Every structure is written in C-alpha cells, then in structure tokens.
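The structure under discussion appears below in the form of structure tokens.
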Amino acid sequence: MKYKDYELTIGLEVHAQLSTRTKIFCSCKNETDAEPNTNVCPICLAHPGTLPIINKHAVELAIRASLALNAKINMRSAFARKHYFYPDLPKGYQITQYKYPLAENGYIDIQDKRIRIKRLHIEEDAGKLIHNKDATYVDYNRAGVPLIEIVSEPDIHSVIDAYRYLKELRLILIYAGVTHGDMEKGEFRCEPNISIRKKGEPLGTRTEIKNLNSLKAVRDSIAYEVERQLKLLENNEKVVSVTLLYNEKSKKTEIMRKKETAADYRYFPEPDLPELILTKDMIEKEKENIQLLPAHVREKYEKFNIDKDFIEVIVEDRKSRQFIENVLKVYNNPKSVVSWILTDMRGYLKQTKQTLSSFNYKDIALLIKLTDSKKITKQHATKALSFITKEHKPIEQLLKEQNLIIQEISSKDKELIKKLLSLESEAVEKYKKGKKGIIGYLIGRVMSETKGKLSPSKVKEIVISLLEED
Amino acid sequence: MIKDYLYYLGQIEKKQLKPEDYLKNILDNIKKYENDVHGYIEIFKSELNVNEANPLSHLYVALKDNILYKGHFQEASSRILENYVSTYSATVVERLIKNGANIIGRTNMDEFAMGSSTEYSRHGPTNHPFEHSLIPGGSSGGSAAVVAYGGANFALGSDTGGSVRQPAALCGVVGYKPTYGVLSRYGLISFASSLDTIGLIAKSVRDIRYVLNFLKGKDKHDSTSIDIDIGKDIIDLKHIRFGIIKEFKGFGDIYIWDKFFKAVEKIGKKAHIEEVSIKDIERTIAIYEIISMSEASSNLARYDGIRYGKSVKAQELKETYMRTRALFGKEVKRRILMGTYALSSENYRDFYEKGVKARSQFIKEINRAFKKVDILLSPTTPYLPFKKGERLKDPLLMYKADTFTSYANLAYIPSITIPLEGIYAGLQLSAAYKNDNLLLEVADEIQRL
Ligand SMILES: [Zn+2]
C-alpha cells in the first residue's frame, strides 16, 4: 500500500453453488438457467405444510470441499433459520448453518502465504429478482439451490492476495468437482469487505461490495474502494458502514444502501431438520473422490522444470491440461510439449479462432516429436496445423506430400551448395576477410534454393566446412 | 358398549347394517346438528362413496382446516389464506385415502391453530355440540364437535399444546396426541414445528388404535418422523403403575377434580396408584408459550402475499408486506409479535434460549417420574366449557387452558384424553416417549371399565 502508516484488511465471503442434480431440500432440478419458475415445487415455493429434506449429495460435496480446503469437519453440525423479508426468499427465512457449521479452521496456500479459512457451512440459495420497466418479477428456479459459504480469516492485507486467494479457492473447488464455478452465472460469488486502520489502532469501519461477477471485477473494485477509503482517512473524514455496488463500466463503486442498524436475523435452530450427523465412511468416501488438486498439478510440472507461467495456464485451463496430458502419454517430453502447445500452437489457434478440440492429440504428439528430432522446423510444424485435420492420412505422409520433411544432405545437395558458393564469390571473399556474420546470408541462399527441405544446422555445418577448406 | 366405528364396522360385516344407511346416519346427524354447531366449514358430500372394500372403508374423516387435502380449499381459518387451494395432500391424508377412507369435510379451528376455544376463526366460532352457548374448546374445536355429535366417525386435528385433547375433553370424546414424529407433519400447516403433532379424535380408544396403524410411521417427506410398533398386547391393569401429578392438584374447577378422583377410585380398584411429583411441571406453560410463539413467528413468515394466498398490493414492497400481513387475526398477530421479540438478538438469551434449556431440564424431570410410574394421570383441562366471548378479552386466562396438556408436547411424549363420566371434561393419561402402545392399551382398558 502506498500509505505505509495504514493497514488494509480484506475479508472474503464466498458462496459457491454445489453441482448437485437436484436442489438442497426438494427434488427440483438444480438448473437455474431454465425458463423462469419451471424448476419449482410446493417445497421450494414454501407452500403451507411443506418440510425440508436434506439432499445427501449436497452434504457429500460440502464435505469434499472442506477436505480440499484442509478444514476440520464437525461430525455433528446443525441447521438454523436466518430471517428477513424479501420477495426472493420464499419462507421468510433462509435455512443455513449458524452456531454449528459443517467445518472450521481450514486454509489455502497462495504462493508463499497461507490464508486461513474460518468456517465453511451449507445453506440454500434464494430466488432472483428480474426488473422490468413496468414491474419486478421473481424467478424461483434458484431458490433452494445448495450453496456452501466459505469465510476467510482476516489474513488478507493486499488486493493481490485477495485476488490470488479467490482464484485459488475457485480452482480448488472446481478441481474437487464441488462446483462448476462459473462466476458469470453466479455459481461462484464473492462479497469482499474492506477496512483500513492506522497501524496500531482498532479495526476500521467495514464496507461491503456486491455484484461482482468476475475475478477482475473483484480485484478492481477492491482497489477502487481502498483508494476511496484512504482518501477519506487522509482528509480526516469518516468511513461509513455501507454496502457498495460495483459498476463494471465506470469501474467505480456506488453506494447501494446505508447500514443504519445491524439487521436482526433472529437466528434459531431449524426445528424441521435433525442435527447433521456424519459418519467416518462418508468422509473417507469423499477423500477418495478428491483425485486431483491444483497443488498436485503444480508439483508435477515443477518437477519437469517448466516455466511458472506455463504451469499456471495448465492449472487454470482444464482443456489445455487434458490435451497436454494426452500428448504426454504418446510423447513424453514435457518441456517441449508444453512450450510448443502453449506458445506456437496456442498462437495459431488464436489467430485462426480454433480450439484444441479440433485436433487429435496423437497427431500433435508426432508433430512435436518430429520437430524435436529436427525432422521438421518449428515453423513447418505450425504450418502443418492447417492441413492435418482436413485429410485422413498418416501425418508423416502428409508432411512428405507437402515437402515439409527435412531431408538428409546428399552428395547431390553438397554439389549444389558448392555451386552456389562459387556464384557468391563476393560474399565468400568477405567471409574469408573475417566478416563471419555473412554466413547467415549464405545459409539463407541455400535454404531458399532448396525450399527449406534441408536442416538449417546441417547446411551451416557444410557451408562452414566448405569455406574453411580452401 | 360404545357405539364407535368398529362397532358399526362389525354390524356392516355381519350384514346387520347397510353401508349406505351408515353414511346416511352420519349425514342425518350433520343435518340435525350442524346449523347450531358450525363445526364444518365445508362438506365434500359429492365425493363420498360407500362401496370400497378397503380396511378403512366406511371411515368418514373430518379434517381440521390446517391439514392439506389436494385440490380443496385450505385456509387454516385465516383471511391470509382465503381461497387457497392445496396443491398436494398431507402424508396422513394420503395414507387415509390409500386405505379407503373418505374425507367428509374440513372443520373449523382457531386461526393457524392458535387458540383454545375455536372463536378466533374467520368463519366465526364453532359452538359446543350439546350446549350451544358454550365453546367446544380449541383449536381443533370443529373436529371434536363433529365427532361428538356423530357428524363424522373420525377426525384429524393438530395438537401443539393441547389443541386436540382439550376440545376432545370438552366435547366428551377421545383425543390422542402421539409421540412427536409418529404421524408425519408433512402437509400440516406449521404452527410450532418442535411441538406440532397431528392428533386423532374418535369415540373410542380402540378406534384410534385401529386407524393409527394405517397412518403412523416414518415418512420420507418429514425428517422428524419416526417408527413405532402398535401391537395388541393383553394388558392387565394390575401390573400398571399410575401416578397422579401432584403439582396440578387443586388447580382449576373443583367439579372436574371431583369427577377425576371418582375415575381414579375406579382405576385404583384394579391398579396401583400413587402421587408423583414432577418439579415445575405446573410452570411448563411458560416454556411452552416462549417456544411455541418463537417458532410460530418464524413459520408464519412465509405468508407475505408474494407467491400465493391473499395479497394486498401497494406501491412499495414494504407496504405490500404490511398490508398483507395485517390480514392475520388479532391472536395470531399477538403471538407473532411476542415470538419475534423472544427471538430478537437482544432478548434471545433471556427468552428463547432459556426456554430451550428449561425444556431439556423438564424432560429430565419427567423421565425421572417415568422410572417410578408407567402412566401419568391428571384432568385434561382445568376448566369446563365456558361461555363464548367470555375470555376473548383476557388472553392470559385463555392460555391457561393448556396448563395440563402442553407438558406432553414439550416432552415429545404421547398423551390421550378419555371422557370423564357425567361432565364435559376428560381424564388425561400420558406415557413415556414412544410408549404409545402401552398408553393406548391402558386407555382402552380404562375406557371399558
Ligand atoms: Zn422444489
């Protein structure tokens, strides 16, 4: 932070929708983007006389999330009701966990820092308001979708750490198969709260930001809010406890409402649901269901001595990772495979607006292998991408047909090189007088005359030996 | 010989009574009494049939208006649910129908089951079946009254603090509140979730035991539901230890106590009776009030005029809420307010939390008593049916109707009332948690003495 007398504290409350087939307390489909109010029933509309029944799979996914976040799981936890009136909340209360959450005291590591997680609990999502110019409508497809809420300890003191924490948290949950994690769809949501204090003074007033649907928005909005609060403090003005809305266009936060008094949610234990009692078997089963986490992927590729930036791409992009893993099964040279796919091939795909899925990993493995063994040049390997998907022929045959394979230098080629050098006497003279750099020109002549079929390094060898001979 | 459902069923089986004559008899009773009693809100006459050969054929069940019956109006006597039509049936109703029972109609009640006299109803009061100027008790007053005058041979009510036993006692019929969870609450409009049970009303204990077998047991729609066994053990009263609850003695009407001790004398000839002291049981009514009102304030939050039921539209959302929820009756509003107060963060420790602690303390006390005795005895109500309107201005007096009954709800235990001879009051028997079978066997024996 630029004002070094101040300390920033960021608290992050994350909600992740669990990727269950059905909702948390009824058998409606967990499919929020269906036609409005098509995935609803008496239970999730809170009709009289209905009762909640806990979805076992939601509990399993929440256990899995807790394990992936190194949290201590409570074998007994309990549900509670949180009351407030809003049209998207059918029962007039949300069923959540309050005093007895599913899990506590977890952590995740971001680079060199450990961010502690205070608690993780299960709760239900609310519906959604749709504002029209004439009226406001409510869509209850989302009402009763299972959520986990993950609350961080006040360990985050910079915007970049907040960003890294969220990014890593999201990846872990996606890897564990707990959530689809699409922020645009609201499957992974974050509400940061921000407070700044003069070092040594008690915690400052917190403000909260809502309506953030990308990691970038989270980062930018916090940065904006930090500046706003610092300015106030520098001018001896008070920070007021407010909820802010982030406007992605103007990149500014706007005050949504003042928190005059703390809302009284009148929590009390949910009498319609028994305590949630877990068994060791349930937990063991979820341990087995966590097969891969981002940290495992990092560890694996770090061993291959691969560039950190490449590793992060592999960790974050599941499609690239799977493709690379497949290629490695055929051709196990991680360094060149990763770098060719993530630079040369990626560039080509971007340019031609294609995706990895249009390629067969076996073809790509062979292309990289041929490049590594100097049978084709890197440029020709990229060029090959334009035709290898179009024809169903063995790739080597295709490369030959296109004259892209580098040929061994024959005596005939040697004669040709000799003849070329004799035509370039001026350049040869310059070389002999010590202008060694001109060799590049000579090699270029040979390459263009032979249409790139010869290996440039071999050509160089021969040219030098011929020049040194005389 | 009590002319109960099983008696007529026997006659039908022996071809001494035609099923259609049996139904006609019931409908005639309705014709004769209903105008003066006003126990029903609606009668589903055209839906009744007499021919099915199922275990519960010829059972004509009156449903309290807070137990859902698909495709029928369901209002819990509240203006806020005016013209609401149920989209599904309660589990108990499903089980009744599956076994061939007929639903004969829906009965009047105190709004959302909050009351002890069936006067707090948007349909007006129900009268005592035989003394029309008096109240029938409540909140299941309609159900108790129609069984009493023969307008149904069975009824379902709900018992949160005594709402089945108390009107059953005042109308002179049998009313049973099972162990919490024995009858699924799915489809019962919630009042206080941790206390609510569906209760059964009939002429005899044996009718109740017979029908209970078809309704009881775990339900996948209610995670608080449980299984119990109801067998037919032959019980000799001389092995049963009865305990009269000492702390209740002397509270309430002396005529009731007089008849109560006459009944006790009769039992005493067959069985061992002692006096048993249960610490603070006379004060459980306070715990009951705190817990029931707190839960009620939460359960009734869903009636906001947004998705169903009556809605009073306004420009502002808050205004819509306020005007819609103003449709609740006075007593319901009173309880929502008190419950909201008890749950507020400021008062939670002093009220709700204290109530919950006192409840678990009380359960320990009552379990201690059940080590000494098998059945607890007391009158069902401290008072006889009183004049309509008499207590509307004094809610605290009205709440006292639950003094002898609400402890069973707090302790989740089964409890039943059977009529005391010559008076509109009942003898209440309670047993330990899940001892419903014993309770029903003993009550059956006593009813036949
Ligand atoms: Zn649903």
Side-chain angles (χ1 to χ4, degrees), chain A residues 25-27 37 40-56 59 78-95 98-99 126-127 129 131 135-140 143 261-277, chain B residues 66-68 74-76 78 81 84 86-91 112 181 184-190 192-196 219-225 291 294-295 297-309 317-318 320-321 325 339-348 352-353 356:
Chain A
F25 297 126
C26 61
S27 49
N37 296 313
V40 294
C41 73
I43 297 171
C44 55
L45 289 178
H47 274 253
T50 53
L51 298 169
I53 298 289
I54 183 78
N55 177 342
K56 201 172 159 227
V59 176
F79 291 96
R81 294 182 180 179
K82 175 185 182 178
H83 299 83
Y84 60 96
F85 284 103
Y86 206 61
D88 65 5
L89 190 71
K91 294 186 287 293
Y93 56 84
Q94 177 196 33
I95 301 180
Y98 184 56
K99 265 193 192 162
L129 294 193
H131 298 283
T136 299
Y137 299 88
V138 201
D139 174 10
Y140 291 103
T261 47
D264 189 344
Y265 293 123
R266 307 193 313 282
Y267 286 100
F268 84 103
E270 167 58 274
D272 288 333
L273 287 169
E275 276 186 320
L276 185 58
I277 297 171
Chain B
N66 60 352
I67 300 169
L68 269 67
Q74 208 85 55
E75 300 167 305
S78 183
L81 278 176
Y84 175 78
S86 294
T87 57
Y88 68 101
S89 284
T91 299
F112 284 104
S184 166
R185 289 186 294 122
Y186 186 66
L188 166 66
I189 297 181
S190 298
S193 308
S194 77
L195 300 158
D196 286 348
D219 172 21
K220 64 173 189 230
H221 296 298
D222 177 1
S223 26
T224 61
S225 62
I291 291 177
S294 298
E295 292 183 6
S297 73
S298 170
N299 284 329
L300 270 58
R302 65 187 59 196
Y303 306 107
D304 58 4
I306 304 283
R307 295 165 313 286
Y308 55 77
L317 176 65
K318 198 173 170 190
T320 302
Y321 282 148
R325 288 173 66 78
T340 304
Y341 180 83
L343 284 181
S344 65
S345 55
E346 212 174 322
N347 303 307
Y348 186 85
Y352 181 78
E353 202 171 64
V356 170

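Fair warning: this is a prediction, and the values are worked out from it, not measured in the lab. The chains referred to below are lettered A, B, ... by the order of the sequence lines, with proteins before strands, and numbering in each begins at 1.
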Task: Whether over 12 other heavy atoms sit under 6.0 Å from B:Tyr348 OH - done: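 More than 12 heavy atoms, drawn from other residues, nucleotides or ligands, come within 6.0 Å of this atom.
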Give the minimum heavy-atom separation between [X] and [Y], together with the two atoms involved.
{"X": "B:Ser223", "Y": "A:Pro52", "result": "OG-O, 3.5 Å"}
{"X": "B:Tyr321", "Y": "A:Pro87", "result": "OH-N, 3.0 Å"}
{"X": "A:Thr50", "Y": "B:Arg302", "result": "OG1-NH1, 3.5 Å"}
{"X": "A:Arg81", "Y": "B:Asn299", "result": "NH1-OD1, 2.9 Å"}

Applying ring-ring contact (aromatic ring centres under 6.0 Å, His included), can you list everything that pairs with B:Tyr341, at least two apart in sequence or on another chain?
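Here the qualifying residues are B:Phe351.
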Atom group of [X] that falls short of 4.5 Å from chain B, counting heavy atoms:
{"X": "A:Tyr267", "answer": "backbone"}
{"X": "A:Ile43", "answer": "side chain"}
{"X": "A:Tyr93", "answer": "side chain"}

Among B:Lys318, B:Glu353, B:Glu295, which residue has the highest count of heavy-atom pairs closer than 4.5 Å to chain A?
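The option with the most such pairs is B:Glu295.
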Original post:
Taking B:Asp196, B:Val356, B:Leu343 one by one, which has the highest count of heavy-atom pairs under 4.5 Å against chain A?
Top reply: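 Of B:Asp196, B:Val356, B:Leu343, B:Leu343 has the most heavy-atom pairs under 4.5 Å with chain A.
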Counterpart residues, side-chain hydrogen bond (donor to acceptor under 3.5 Å, both in side chains), relative to B:Tyr84 (two or more places apart):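 B:Tyr84 satisfies side-chain hydrogen bond (donor to acceptor under 3.5 Å, both in side chains) with A:His47 once adjacent residues are dropped.
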Contact part of [X] toward chain A, heavy-atom cut-off under 4.5 Å: side chain, backbone, both or neither?
{"X": "B:Leu81", "answer": "side chain"}
{"X": "B:Ser194", "answer": "both"}
{"X": "B:Tyr308", "answer": "side chain"}
{"X": "B:Leu188", "answer": "backbone"}
{"X": "B:Thr320", "answer": "neither"}
{"X": "B:Leu317", "answer": "side chain"}

inquiry  = Is a donor from one side chain sitting under 3.5 angstrom from an acceptor on the other, for A:Asp264 and B:Ser345?
reply    =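 A donor-acceptor contact under 3.5 Å links the two side chains.
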Do you know which of A:Pro274, A:Pro271, A:Gly92 has the most heavy-atom pairs with chain B at a distance under 4.5 angstrom?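 Winner by heavy-atom pair count: A:Pro271.
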Worksheet item: Do A:Arg266 and B:Ser298 touch side chain to side chain, with heavy atoms closer than 4.5 Å?
Response: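 Contact flag for A:Arg266/B:Ser298 side chains = no.
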Q | A:Leu51 CG to B:Thr224 OG1 distance, which is reported to the nearest 0.5 Å | A |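 These two atoms lie 6.5 Å from each other.
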*Measuring from A:Leu45:CG to B:Ile306:CD1, what's the distance to the nearest 0.5 Å?*
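A:Leu45 atom CG to B:Ile306 atom CD1 measures 12.5 Å (nearest 0.5 Å).
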- Under 30°, 30 to 60°, or over 60°: which ring-plane class applies to A:Phe268 and B:Tyr352, parallel, tilted or perpendicular?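 Judged by the thresholds at 30° and 60°, the geometry between A:Phe268 and B:Tyr352 is perpendicular.
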So, the side chain of B:Tyr303 versus the backbone of A:Pro48: is there a donor-acceptor pair under 3.5 Å, distance only?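 Judged by distance alone, no pair lies under 3.5 Å.
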For A:Asp272 and B:Arg185, what are the C-alpha separation, side-chain angles and deciding distance, and is it a side-chain contact (heavy atoms from CB on, under 4.5 Å)? CA-CA 10 Å; A:Asp272 288 333; B:Arg185 289 186 294 122; 3.0 Å; yes
